K.L.:
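Input: one structure, supplied below.
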Amino acid sequence: MEWDIDAMLASPCTGTAFASATSSKGLRLIIWYKGSWFLRPDNKLITSHVGLFVNDKPRDINIIHCFPYSDALWESLKSNAQCPGNGEPRLDNCPQAQNCLFKLCPYGIPIDNGRNT
């Protein structure tokens, strides 16, 4: 099945991320996942029996759970994720880096949390 990614959220305290996705049939989901690739708006996620593909390339993504989309759930996830990049993806540095479990920032902000130098 093919999904268009509409929005993303990162959760630095869990090292996981969320994506809002819409199918060609109009079904909307919130995908909770972990992996070495971040689903970004305008990406196409393809699910198949051989794995997950983003923009026609295989990607290491582990889907933890999928939820039916609701504005209330998305806003709740957004308010609890506490990643500065979720609200301002063009930051130069991250005030939450010390508490972040990501090895690479989903928003491309240099991470100086003692694990990466």
Side-chain angles (χ1 to χ4, degrees):
M1 187 166 216
E2 191 171 294
W3 300 88
D4 291 318
I5 304 302
D6 307 312
M8 69 172 279
L9 295 172
S11 178
C13 65
T14 64
T16 62
F18 299 90
S20 167
T22 305
S23 76
S24 59
K25 296 181 181 183
L27 178 64
R28 290 187 75 190
L29 294 175
I30 295 173
I31 302 168
W32 179 24
Y33 68 96
K34 187 172 189 159
S36 61
W37 186 264
F38 295 101
L39 298 172
R40 302 199 181 283
D42 297 326
N43 283 169
K44 283 212 181 295
L45 173 67
I46 299 170
T47 59
S48 76
H49 68 283
V50 294
L52 298 175
F53 296 79
V54 178
N55 299 336
D56 296 321
K57 295 181 181 170
R59 299 294 183 195
D60 179 26
I61 297 172
N62 179 26
I63 295 177
I64 298 167
H65 194 71
C66 291
F67 307 91
Y69 181 89
S70 77
D71 288 334
L73 178 56
W74 187 256
E75 288 304 314
S76 176
L77 293 169
K78 188 174 183 178
S79 68
N80 288 308
Q82 299 183 2
C83 178
N86 291 336
E88 178 54 56
R90 300 188 201 287
L91 293 173
D92 292 329
N93 60 48
C94 180
Q96 299 287 359
Q98 292 297 329
N99 301 319
C100 186
L101 294 180
F102 290 113
K103 292 182 181 179
L104 296 172
C105 175
Y107 297 103
I109 301 166
I111 297 177
D112 183 14
N113 56 11
R115 292 188 298 268
N116 297 334
T117 55

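What you see is a predicted model, and the numbers here were worked out from it, not measured in a lab. Side-chain atoms are counted along with the backbone in the values below, which use heavy atoms only and exclude waters and symmetry mates.
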K.L.:
Please give me the minimum heavy-atom distance between Trp3 and Ser23, naming the atom from each residue.
P.N.:
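Minimum heavy-atom contact is CE3-N, 3.4 Å.
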K.L.:
Can you find a heavy atom in the side chain of Cys83 that is under 4.5 Å from one in the side chain of Tyr107?
P.N.:
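Of all side-chain heavy-atom pairs linking Tyr107 with Cys83, at least one is under 4.5 Å.
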K.L.:
Under a 4.5 Å cut-off applied to non-hydrogen side-chain atoms, are Glu2 and Leu45 in contact?
P.N.:
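No. Closest side-chain heavy atoms not under 4.5 Å.
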K.L.:
Answer with yes or no whether the hydrophobic clustering places Leu39 together with Leu29; edges join I, L, V, M, F, W, Y residues whose side-chain heavy atoms lie under 4.5 Å apart.
P.N.:
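Linked, Leu39 and Leu29 end up in one cluster.
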K.L.:
If you look at every heavy atom in Tyr69 and Asp71, which pair is closest and at what distance?
P.N.:
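Looking at all heavy atoms of both residues, the closest pair is OH-OD1, 3.0 Å.
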K.L.:
Nearest heavy-atom pair of Ala17 and Phe38: which atoms, and what distance?
P.N.:
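Scanning both residues completely, I find the closest heavy atoms to be CB-CD2, 4.2 Å.
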K.L.:
If you round to the nearest 0.5 Å, how far is OG of Ser20 from CG of Leu9?
P.N.:
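Going from the CG atom of Leu9 to the OG atom of Ser20 covers 9.0 Å.
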K.L.:
What verdict does the side chain to side chain contact (heavy atoms under 4.5 Å, CB included) test give for Phe67 and Leu77, after you've listed the backbone C-alpha separation in whole Å, the side-chain angles of each residue and the deciding distance to 0.1 Å?
P.N.:
CA-CA 12 Å; Phe67 307 91; Leu77 293 169; 5.5 Å; no
K.L.:
Mind checking ring pair (Phe, Tyr, Trp, His ring centres under 6.0 Å) for Tyr33 and listing every partner two or more places apart, or none if nothing turns up?
P.N.:
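Partners of Tyr33 under the ring pair (Phe, Tyr, Trp, His ring centres under 6.0 Å) test: none.
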K.L.:
Do Ile63 and Ile5 land in one hydrophobic cluster if side-chain heavy atoms of ILVMFWY residues count as linked below 4.5 Å?
P.N.:
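Yes, Ile63 and Ile5 fall within the same hydrophobic cluster.
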K.L.:
Say whether, by atom type as modelled, one donor and one acceptor occur between the side chain of Thr47 and the main chain of Met1 under 3.5 angstrom.
P.N.:
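Yes; at least one donor-acceptor contact below 3.5 Å.
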K.L.:
Keeping Asn86 on the side-chain end and Ala10 on the backbone end, is there a donor-acceptor pair under 3.5 Å?
P.N.:
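Answer holds: yes.
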K.L.:
With a 4.5 Å cut-off on side-chain heavy-atom distances among I, L, V, M, F, W and Y, is there a chain of contacts connecting Ile46 to Leu27?
P.N.:
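Ile46 does not cluster with Leu27.
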K.L.:
Do Val54 and Phe102 sit in one hydrophobic cluster, given that two such residues count as connected whenever their side-chain heavy atoms are within less than 4.5 Å of each other, even indirectly?
P.N.:
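Val54 and Phe102: one cluster.
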K.L.:
Using a cut-off of 6.0 Å, state whether more than 12 heavy atoms not belonging to Asn80 lie near its atom CG.
P.N.:
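Above 12, so yes.
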K.L.:
Is atom CH2 of Trp74 surrounded by more than 12 heavy atoms (other residues, nucleotides or ligands) closer than 6.0 Å?
P.N.:
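Above 12, so yes.
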K.L.:
If hydrophobic clusters are built by linking Ile, Leu, Val, Met, Phe, Trp and Tyr wherever their side-chain heavy atoms come under 4.5 Å apart, do Trp37 and Ile31 end up in the same one?
P.N.:
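In one cluster: yes.
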K.L.:
Please give me the minimum heavy-atom distance between Ser48 and Phe53, naming the atom from each residue.
P.N.:
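Ser48 and Phe53 have their closest heavy atoms at OG-CE1, 3.6 Å.
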K.L.:
Any side-chain to backbone donor/acceptor pair from Asp4 onto Lys44? Under 3.5 Å, distance only.
P.N.:
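Checking the backbone N and O of Lys44 against the side chain of Asp4, no donor-acceptor pair under 3.5 Å is found.
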K.L.:
Checking the side chain of Arg40 only, and the main-chain atoms of Pro106 only, is there a donor and an acceptor separated by less than 3.5 Å?
P.N.:
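Yes; at least one donor-acceptor contact below 3.5 Å.
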K.L.:
Could you check whether any side-chain heavy atom of Asp6 comes within less than 4.5 Å of a side-chain heavy atom of Arg28, counting everything from C-beta outward?
P.N.:
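They are in side-chain contact.
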K.L.:
Assess the residue pair Leu52 and Arg59 against the criterion (side chain to side chain contact (heavy atoms under 4.5 Å, CB included)); give the C-alpha distance rounded to whole Å, side-chain angles, the decisive distance to 0.1 Å, and a yes or no.
P.N.:
CA-CA 6 Å; Leu52 298 175; Arg59 299 294 183 195; 5.7 Å; no
